[in-house]
Amino acid sequence: MGKKTNIQLMVDGRRIDGRLPEQLREIEMKIGEIENADGSARVRFGNTEALVAVYGPRSLFPKFLQESDMAILRVVYSMAPFSVDERKNPAPDRRSIEISKVTKDALSGAVFLEEFPRTVIDVYEYIIQADGSTRVTAINAASLALASAGIPMKDLVAACSVGKIGDVLIVDLCGKEDNYSESDMAVAMMPSKGLITLLQMDGRLTKEEVLQLLKKAEENCKKIYEMQKKALLEKFKVVGED
Amino acid sequence: MGKKTNIQLMVDGRRIDGRLPEQLREIEMKIGEIENADGSARVRFGNTEALVAVYGPRSLFPKFLQESDMAILRVVYSMAPFSVDERKNPAPDRRSIEISKVTKDALSGAVFLEEFPRTVIDVYEYIIQADGSTRVTAINAASLALASAGIPMKDLVAACSVGKIGDVLIVDLCGKEDNYSESDMAVAMMPSKGLITLLQMDGRLTKEEVLQLLKKAEENCKKIYEMQKKALLEKFKVVGED
Amino acid sequence: MGKKTNIQLMVDGRRIDGRLPEQLREIEMKIGEIENADGSARVRFGNTEALVAVYGPRSLFPKFLQESDMAILRVVYSMAPFSVDERKNPAPDRRSIEISKVTKDALSGAVFLEEFPRTVIDVYEYIIQADGSTRVTAINAASLALASAGIPMKDLVAACSVGKIGDVLIVDLCGKEDNYSESDMAVAMMPSKGLITLLQMDGRLTKEEVLQLLKKAEENCKKIYEMQKKALLEKFKVVGED
Amino acid sequence: MKNFVEEALAQGKRIDGRDFLSFRKIEIVENVSKKAEGSALVKMGETKVIAGVKMDIGEPFKDSPNEGILIVNAEFSPISSPNIEPGPPDENAIELARIVDRVIRESHSIDLEKLFIEEGKVWTVYVDLTVLDMKGNLVDACVLSSLKALWNAKIPKIEDGKIVREEFSGKLPMVYKPVTVSICKYNNNFLIDPTDVEEELINAKLVVGVRDDDKICAIQKQGWGTFHISEIERCLDLAIEKSKELRRLI
Amino acid sequence: MKNFVEEALAQGKRIDGRDFLSFRKIEIVENVSKKAEGSALVKMGETKVIAGVKMDIGEPFKDSPNEGILIVNAEFSPISSPNIEPGPPDENAIELARIVDRVIRESHSIDLEKLFIEEGKVWTVYVDLTVLDMKGNLVDACVLSSLKALWNAKIPKIEDGKIVREEFSGKLPMVYKPVTVSICKYNNNFLIDPTDVEEELINAKLVVGVRDDDKICAIQKQGWGTFHISEIERCLDLAIEKSKELRRLI
Amino acid sequence: MKNFVEEALAQGKRIDGRDFLSFRKIEIVENVSKKAEGSALVKMGETKVIAGVKMDIGEPFKDSPNEGILIVNAEFSPISSPNIEPGPPDENAIELARIVDRVIRESHSIDLEKLFIEEGKVWTVYVDLTVLDMKGNLVDACVLSSLKALWNAKIPKIEDGKIVREEFSGKLPMVYKPVTVSICKYNNNFLIDPTDVEEELINAKLVVGVRDDDKICAIQKQGWGTFHISEIERCLDLAIEKSKELRRLI
């Protein structure tokens, strides 16, 4: 982020897509669309949409990869070639590999891995359309897919992005805000106990600003968490703030 | 095929290389030139030439690739870098991978795979020079190589290409005809029972035209089949139609 | 070598870096800097510097790679991206792969591999800075690293480069001499018995010239050998000829 | 499961109640990715595939300097099946992409000459397919979603030689609506739109591409099984007939 | 070994005698590779990493035509550990490189606009990191060596549009000296500069990048563990405090 | 088999009846690929290798702007041996290609300056080698087939800056006919043109490239074995002597 631009990200208190600073985009959560998967979910935040399938717990080969006292959780994040402005080569790039890694860290702490020694749980994330905040959108879907696969979890993981334009804190960054805002942060947490499982921040912020953003993120993760729980209950739900 | 061109593919009833529409090129079939292989054959149709070696049936590792009740047949089609106009990178391209796959389908049905459970039969095809119809030339050689390796087959597989220039049906397409004719078809079959094992067609043909081409292909596969049998008997043979 | 250039490699009996024809560069040999390794050494010849770590003998998997009656020695030669003029892509190139291979041949003959059946000894060479003669510098370090790992050897392997500028024989070629001299030769040997374990030569030399260069190489390998023994004794040493 | 399906087939039945020459329920969602120039999600029974079209300015091929370029790519997402691992396309995905490519290209469904921009510059049309739920008959579903995405696709606007994303200058110049009908041979019977389990049991399939004017634009035999010419003829008749049902959906 | 370290930590001690908030002995050797435009070897206790800067003339990115380009790459050399095999960077090496990249970039430590050469030509700055001895706290060591190498780096001379190697036109236009402090959470305690064995025992780490003006320029949580906001606050305080010790070394 | 060969060697014999310093029967078929600018199939006993030359217009290297470019590539086809799997060249194939490259290049066998076309444009000469039957002494066979193909190769015609395939403007500007003689040391004996089984038994080989004027243009030791200088001398004598037999075949 922080690329130079002539684009005005905030005009008259409204963001580039018309939202108020603390307004989430329209959110859709749908569970169980992939028949072959053990669990699956699709989550859309505005024009950012992630489809996630979970396979497992299942046997892991070759054997030397197994952990004798717990399951391994693997994550692969990938993007549709047509999900971005310039066609993306489908081979994994460095950004996707890093996101897969931090997402694995963000989810592993929420799953009772010790219940399934010697197995693997595979989480496959696929971005259908990308308009900012893809990694957090995918984490929201992954958490639902894990739950719908019947995998025991300490809590759902809810995630959102927060950032700063001038002096204004914003939530749920869209693509242009992702690219041009001064600072941004991706946060995932288990909301019921306020436990942060993913935290990435870029920019130039004072300590106080970091903490303000974190609090804003926590508030919104809690809202998203409520939607996740509803979606799991109903297995179909369109919710939003518009 | 069907690329635009100023090249006249047919003049006064003669094709670009002087042949009549239904004339095969000079055909050479030679068996057993590769000492290290279990079976091998080289087949040349004019300036298209394929060398094929067969290794197997042999053990297959890692074990999870084995089929408990039959052999696996694998095919790798590749081209010499100097076999085409512009030097070809030796790494397999998508075209080669598809040809390998359809050739595997075309040969597997002719081999008594169930006689060799848990093994693999490897068929390696190498195009020395390419002037059209390489996949069918290679299939003719592969069939001979399999037979010369002593692998029991339901029948030899004979193959040829057919196509259409204006209203004229042609057989055994050369490189320029491959590129510029309106429609073309690759056919492999077990001729004694008329069983088609490979069929690929591109172009824009009525149903009736497709069937005409198929009949033409069958006729010529039978001719090639006779040459294959001769070659196997004599282990050395130059035959042709010129 | 032998590239055309306007650079004068020899002026008034002095080489481009001021050395006399048979003068080695300043040599530094340091042992045991890598804590994690079983053995390690760093060797610097002027501005050419190689760091080598040895791991093993250790178990080798998958099992089919094991030799039942001896250890396998593996060598990987690689260069820091910033070790050369134009940034080098860190992926192994053909030159590095060939050097790894001939270095494996050069070292395998000196190690009592038969004492460690079914194991592997891994030798990892890393060029920190490259000013000519990198492969021989790395071999000198590898030999020390093997010895410091406690691996029994018939003799240390000492190595140097020799070449020819006009009628003058030179030793320990720097980068510009590597690129522009008429002929050059890399030699490794077990000096106590005069056994050559690596020999590569490029250029256009008479038989007599080849033999002269070989003798010059042997002389200098013996000098380097003495330094290696000293370094092993003291585990720290700066030696040189300046 | 496999035994059950086999028993049904042997009796001329299918376990989902369809007769041999019926498609599963087909549902198409258009414009599923706002960033794509065109996109479509096709559900054919439980099978789900998505196609997206992206366009970029490129150089023409030397032997067709006035024509746009078509590039088709297909991936089996690991989302789609427990048997798919992440990684580059295998031979099956490559074959799939190449069949779709030939159907689009050989049918002349796109007027590639209208994709000429200026000397040395033409539009490159990328069609990217991803299989999301692998439940049989991928080729027909992928051709359908590709054509739907292409027929919806818009051409981005160009200003000062550069693409302005999110603005468009018109629709893609589409001419035909080719579709494929894949016909499986089981004993002496033929059936269409096989499920994944049926495909495991059947080893002879004929993929037939048919254009609006009933011309055959592509054929690909798949599997180890064999066909007599008379059987091919029967398949062509069937394909021509059933193709009309699919074409209506584009 | 692992048990021994764990026991010590449980008692608020470290087996090397350090207290929880002390760095190991840090040693920096500059200019270790004469071919590099800048280079530095950092030893942090037994951990050893090397960074080298190479510069080349390149094309600017379309959306920043007046700025130089920064490319950061990291490798775990098989020299560094019995557990590393030769091969392309894995997810850990890639994450490491991307954190270093963001710290350099987001802190605005390089004045990239001064790396403009002429219309369509800018300097590309490559920072290549190699881990030589993998003994814990790689991120802090790699950021430190990168910044040291960058602050020492010289810009090659250009004549007739080509680089003249071994001659230089000046120093790299450096502005800030960001460093990272990686803070591990163990039970309710925090410790810095973990060894490799400590890292195996600890599953929650917060990497914090701090700039000369105490601004936070990057945060990355690592490991499966979790943090409360109040714990993050404590980490930020610690990072700001300890960053000064590291910055003095650049 | 291996035992039998070993016993023979110990008695100074070879199981195919040759004496130690004789080549197997060598047969060369020229122009085996009509699409190549030059090509040759070499049979050395049961060993079979094919070399093809392709030419293309390319950019010269910066440090030799007036010279053509030579690129040599070698593949071990899986056709050639039960031990070769399909895939990119391994270290042995790469070493082979690089030895052939050096023999061609260091002998100055091609007058690369005559491959200059115009400012910024030179001919690139690709030599592609494929091993078809791996029965020993690949280096000598590959050098021989490469040189034969190069000496036969024709330069394509250029019209309006583009290559016209199938028309030619002349022969490749060849000057020398270097060959290699690979000499194996077995106990205190030397032998040439080893079979694959002999190579398995022998661990010291010296590849010596010799030019028409008896100058040595390349040496490469292979295998774990060692040589005294006096043994090298003997090998050089042998190589110079036996090289004449091979050179006559080009």
Side-chain angles (χ1 to χ4, degrees), chain B residues 1-5 70 73-76 86 92-102 104-111 113 154-155 157 179-180 182-190 193-215 217-218, chain D residues 61-67 71-74 88-99 101-103 105-108 112-113 176 178 203-211 213-237 239-240:
Chain B
M1 76 277 9
K3 285 187 192 158
K4 278 173 198 156
T5 176
M70 63 190 303
L73 188 138
R74 294 191 295 203
V75 174
V76 180
E86 311 286 327
D93 55 12
R94 286 161 41 118
R95 175 181 170 273
S96 297
I97 291 169
E98 188 198 5
I99 292 178
S100 298
K101 197 264 181 185
V102 295
K104 180 184 66 182
D105 286 346
L107 296 172
S108 293
V111 172
L113 294 172
K154 296 167 194 164
D155 196 2
V157 177
N179 283 333
Y180 302 116
E182 292 151 53
S183 293
D184 79 75
M185 193 187 272
V187 179
M189 61 196 316
M190 293 189 277
K193 297 204 176 156
L195 295 169
I196 293 170
T197 69
L198 175 135
L199 177 55
Q200 291 185 289
M201 176 251 155
D202 297 328
R204 291 149 307 280
L205 295 177
T206 63
K207 176 197 147 189
E208 290 70 28
E209 290 169 325
V210 171
L211 293 170
Q212 278 169 21
L213 279 180
L214 271 175
K215 274 163 207 152
E218 186 172 33
Chain D
F61 290 123
K62 280 184 203 164
D63 56 0
S64 53
N66 303 316
E67 291 185 9
I71 296 175
V72 179
N73 183 57
D90 70 355
E91 59 173 24
N92 297 306
I94 287 170
E95 187 197 22
L96 171 60
R98 286 178 58 84
I99 295 174
D101 181 290
R102 285 199 293 266
V103 169
R105 190 183 304 277
E106 296 293 327
S107 65
H108 295 175
L112 291 174
E113 292 200 350
Y176 288 107
N203 66 4
K205 194 205 269 188
L206 202 73
V207 179
V208 182
V210 188
R211 202 165 72 165
D213 55 3
D214 288 351
K215 288 227 172 148
I216 311 298
C217 57
I219 304 179
Q220 180 109 334
K221 201 215 92 182
Q222 295 187 309
W224 302 0
T226 58
F227 287 86
H228 277 283
I229 291 186
S230 59
E231 292 170 331
I232 305 274
E233 185 170 6
R234 173 85 177 104
C235 289
L236 297 179
D237 284 333
I240 290 170

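As the structure is a prediction and not an experimental result, all values here were calculated from the model. The sequence lines fix the lettering, A, B, ..., with proteins before strands; numbering per chain opens at 1.
Counting heavy-atom pairs closer than 4.5 Å to chain B, the top residue among D:D237, D:L206, D:D214 is D:D237. Looking only at heavy-atom pairs under 4.5 Å with chain D, the residue among B:K215, B:E98, B:M189 that has the most is B:E98. Put simply, of B:Q200, B:R94, B:R95, the one with the most heavy-atom pairs under 4.5 Å next to chain D is B:R94. Taking B:L107, B:T197, B:V102 one by one and counting their heavy-atom pairs under 4.5 Å with chain D, the maximum is reached by B:T197. With chain D as partner, the option from B:I97, B:L205, B:I99 having the largest number of non-hydrogen pairs under 4.5 angstrom is B:L205. Residue with the most contacts toward chain B among D:I240, D:L236, D:N92: D:L236 (heavy-atom pairs, distance under 4.5 Å).
D:D213 has a carboxylate O that lies under 4.0 Å from a charged side-chain N of D:R211, or vice versa, which qualifies the two as a salt bridge. A salt bridge is absent between B:E209 and D:K215; no separation between the charged side-chain nitrogens and carboxylate oxygens falls under 4.0 Å. The residues B:R204 and B:E182 are annotated as not salt-bridged, no charged nitrogen and carboxylate oxygen being separated by less than 4.0 angstrom. Between B:K104 and D:E91 a salt bridge is recorded (basic side-chain N to carboxylate O distance below 4.0 Å).
Heavy atoms of D:N73 lying under 4.5 Å from chain B belong to its backbone as well as its side chain. Proximity to chain D is limited to the side chain of B:E218, based on heavy atoms less than 4.5 angstrom apart. With a threshold of 4.5 angstrom between heavy atoms, D:N203 does not approach chain B through any atom at all. Only the backbone of B:K193 comes within less than 4.5 Å of a heavy atom in chain D; its side chain stays farther off. Contacts of B:L195 with chain D are made by both backbone and side-chain atoms, with heavy-atom separations under 4.5 Å. Heavy-atom distances place no part of D:E231 under 4.5 Å from chain B, backbone and side chain included. If you measure heavy-atom distances from B:M190 to chain D, the contacts under 4.5 Å come from the side chain alone.
Taken from CG in B:D105 to CD in D:Q220, the straight-line distance is 9.0 Å, to the nearest 0.5 Å.
Using a 4.5 Å heavy-atom cutoff, the side chains of B:L73 and B:L113 are in contact. Residues B:V210 and B:M185 have side chains in contact (heavy-atom distance under 4.5 Å, counting atoms from C-beta outward). D:K221 is not listed as a side-chain neighbour of B:L198, based on a closest heavy-atom distance of 4.5 Å or more.
The heavy-atom pair separating B:A110 from B:V157 by the smallest distance is CB-CG2, 3.5 Å.
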